[in-house]
Amino acid sequence: MVSSKIVEIGSDKKPSREEAEEAIRILLRYIGEDPAREGLIETPARVVRAYDEFFEGYNQNPAKELSKTFEDIEGFDDIVLVKDIEFTSHCEHHMVPINGVAHVAYWPDEKVVGISKLARIVDILSSRLISQENMTSGIAECIETTLKPKGVAVYIDADHQCMSIRGVKKRQSSTVTSTFTGKFKEEAVQTRFLRMIDKN
């Protein structure tokens with residue numbers, strides 16, 4: 001499962017806010033700008049505040065979102081799906097945005113969770129530097145490990161700006177990843193899931 005721990009670089013502790021702001025000033029100088037220019041004076045502080053928001057997932061544990069469960073499912077034995085969960089993440093290779101939608105389903109065994117919790121898992125894992133592949137498998141593993149359902153399905157379709165605005169600059173491209181466990185590996189169940197999200 002994708003860890004909730006804040007990663008420390010080497011033996012150094014997390015840099016201070018002042019150090020982070022100075023790093024932004026260095027980047028501004030690197031691209032040929034003057035950090036003392038009127039329009040840029042407050043930019044380092046603004047960027048660090050934005051990073052606090054973009055990457056708040058490092059301070060959150062996705063498994064904790066699934067800790068409150070309900071066992072009174074009264075014989076419900078079918079797919080629970082939350083589709084079209086919009087998210088913005090950041091590519092761990094270029095630190096530019098990934099915009100997409102996630103479709104998350106599970107087949108309960110003995111426990112169910114509030115449906116908003118599935119969206120919260122997407123929010124938390126997308127609020128980190130992460131690859132789409134690891135985000136897809138991380139969502140599934142979190143649900144699988146915590147709820148122990150009969151199966152999990154995750155399907156993500158996203159635009160990577162590292163590909164659409166730089167490099168090959170393919171603006172119409174999208175990247176699709178999926179993972180299926182348990183009952184969702186069965187062809188009939190998987191096909192039904194894909195039809196439910198209008199992908200088959």
Side-chain angles (χ1 to χ4, degrees), residues 1-66 82-104 116-142 154-177:
M1 186 185 303
V2 179
S3 172
S4 63
K5 181 181 178 182
I6 296 175
V7 177
E8 296 184 353
I9 302 172
S11 60
D12 297 335
K13 292 184 179 179
K14 182 178 178 181
S16 68
R17 181 169 293 272
E18 291 75 19
E19 290 171 318
E21 290 180 12
E22 181 58 28
I24 302 302
R25 292 186 189 94
I26 291 170
L27 287 174
L28 288 171
R29 292 199 300 272
Y30 175 76
I31 65 173
E33 265 292 358
D34 176 11
R37 181 166 66 80
E38 183 178 357
L40 294 176
I41 291 174
E42 298 298 322
T43 295
R46 291 189 185 105
V47 171
V48 172
R49 287 197 299 272
Y51 269 38
D52 287 341
E53 183 177 344
F54 293 156
F55 303 115
E56 63 184 358
Y58 285 108
N59 299 314
Q60 300 169 318
N61 183 346
K64 187 175 180 181
E65 295 294 324
L66 302 179
V82 179
K83 64 180 187 175
D84 298 319
I85 304 168
E86 295 182 347
F87 70 88
T88 295
S89 188
H90 286 78
C91 165
E92 65 184 7
H93 301 136
H94 300 96
M95 294 180 69
V96 294
I98 302 169
N99 296 304
V101 293
H103 311 282
V104 181
S116 67
K117 302 303 183 181
L118 301 181
R120 284 293 298 139
I121 296 170
V122 174
D123 286 346
I124 291 171
L125 292 184
S126 66
S127 297
R128 302 177 180 188
L129 292 176
I130 195 168
S131 69
Q132 184 172 328
E133 296 88 342
N134 284 339
M135 181 177 163
T136 304
S137 61
I139 293 168
E141 188 175 350
C142 180
V154 180
Y155 185 106
I156 295 178
D157 188 344
D159 161 47
H160 290 242
Q161 290 189 14
C162 60
M163 184 173 173
S164 63
I165 67 171
R166 61 160 300 281
V168 294
K169 296 182 180 178
K170 302 301 181 187
R171 296 185 181 276
Q172 299 303 313
S173 67
S174 69
T175 301
V176 173
T177 51

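In what follows, every heavy atom counts, from backbone to side chain, and hydrogens, waters and symmetry copies are set aside. Just so it is clear, the structure is predicted and the values come from calculations on it, not from any experiment.
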[X]: partners by side chain to side chain donor-acceptor pair (under 3.5 Å), with sequence neighbours left out:
X    : answer
D52  : R17
T43  : none
T175 : none
E86  : none

Stepwise salt bridge (charged side-chain N to carboxylate O under 4.0 Å, His left out) test for E33 and R37: CA-CA 8 Å; E33 265 292 358; R37 181 166 66 80; 2.8 Å; yes
Candidates V176, V101, V122, I139 - the one meeting side-chain contact (heavy atoms from CB on, under 4.5 Å) with I156: I139
Under the salt bridge (Lys or Arg N to Asp or Glu O under 4.0 Å) test, which residues partner [X], sequence neighbours left out?
X    : result
E56  : none
D159 : none
K83  : D198
D34  : none

Using 0.5 Å steps for rounding, measure from the [atom1] atom of [X] to the [atom2] atom of [Y].
X    : Y    : atom1 : atom2 : value
Y58  : I130 : OH    : CD1   : 8.0 Å
D123 : L118 : CG    : CG    : 11.0 Å
K117 : I124 : NZ    : CD1   : 9.0 Å
Q132 : T177 : CD    : OG1   : 3.5 Å

Hey, does [Y] have a side-chain heavy atom less than 4.5 Å from the side chain of [X]?
X    : Y    : value
C91  : I98  : yes
N99  : Q161 : yes
T136 : Y155 : no
I85  : H103 : no

Non-neighbouring partners of F55 that pass ring-ring contact (aromatic ring centres under 6.0 Å, His included), sequence neighbours left out: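 F55: ring-ring contact (aromatic ring centres under 6.0 Å, His included) contacts with Y51, H90.
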Considering all heavy atoms, the nearest [X]-[Y] contact:
X    : Y    : value
N134 : S137 : O-OG, 3.3 Å
P97  : T88  : CB-CG2, 4.3 Å
P62  : L125 : CG-CD2, 4.0 Å

Counterpart residues, side chain to side chain contact (heavy atoms under 4.5 Å, CB included), relative to S174 (two or more places apart):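 S174 satisfies side chain to side chain contact (heavy atoms under 4.5 Å, CB included) with D157 only.
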All side chain to side chain contact (heavy atoms under 4.5 Å, CB included) counterparts of S126, not counting sequence neighbours: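 Once residues adjacent in sequence are excluded, the partners of S126 under the side chain to side chain contact (heavy atoms under 4.5 Å, CB included) criterion are F87, S89, M135.
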Can you give each donor-acceptor pair under 3.5 Å made by side-chain atoms of residues 19-28, sequence neighbours left out, with the distance rounded to 0.1 Å?
unit_1	atom_1	unit_2	atom_2	d
E19	OE1	S16	N	2.7
E19	OE1	S16	OG	3.4
E22	OE1	R25	NH1	3.3

Heavy-atom donor-acceptor pair, R128 side chain to G57 backbone, under 3.5 Å: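 Checking the backbone N and O of G57 against the side chain of R128, a donor-acceptor pair under 3.5 Å is found.
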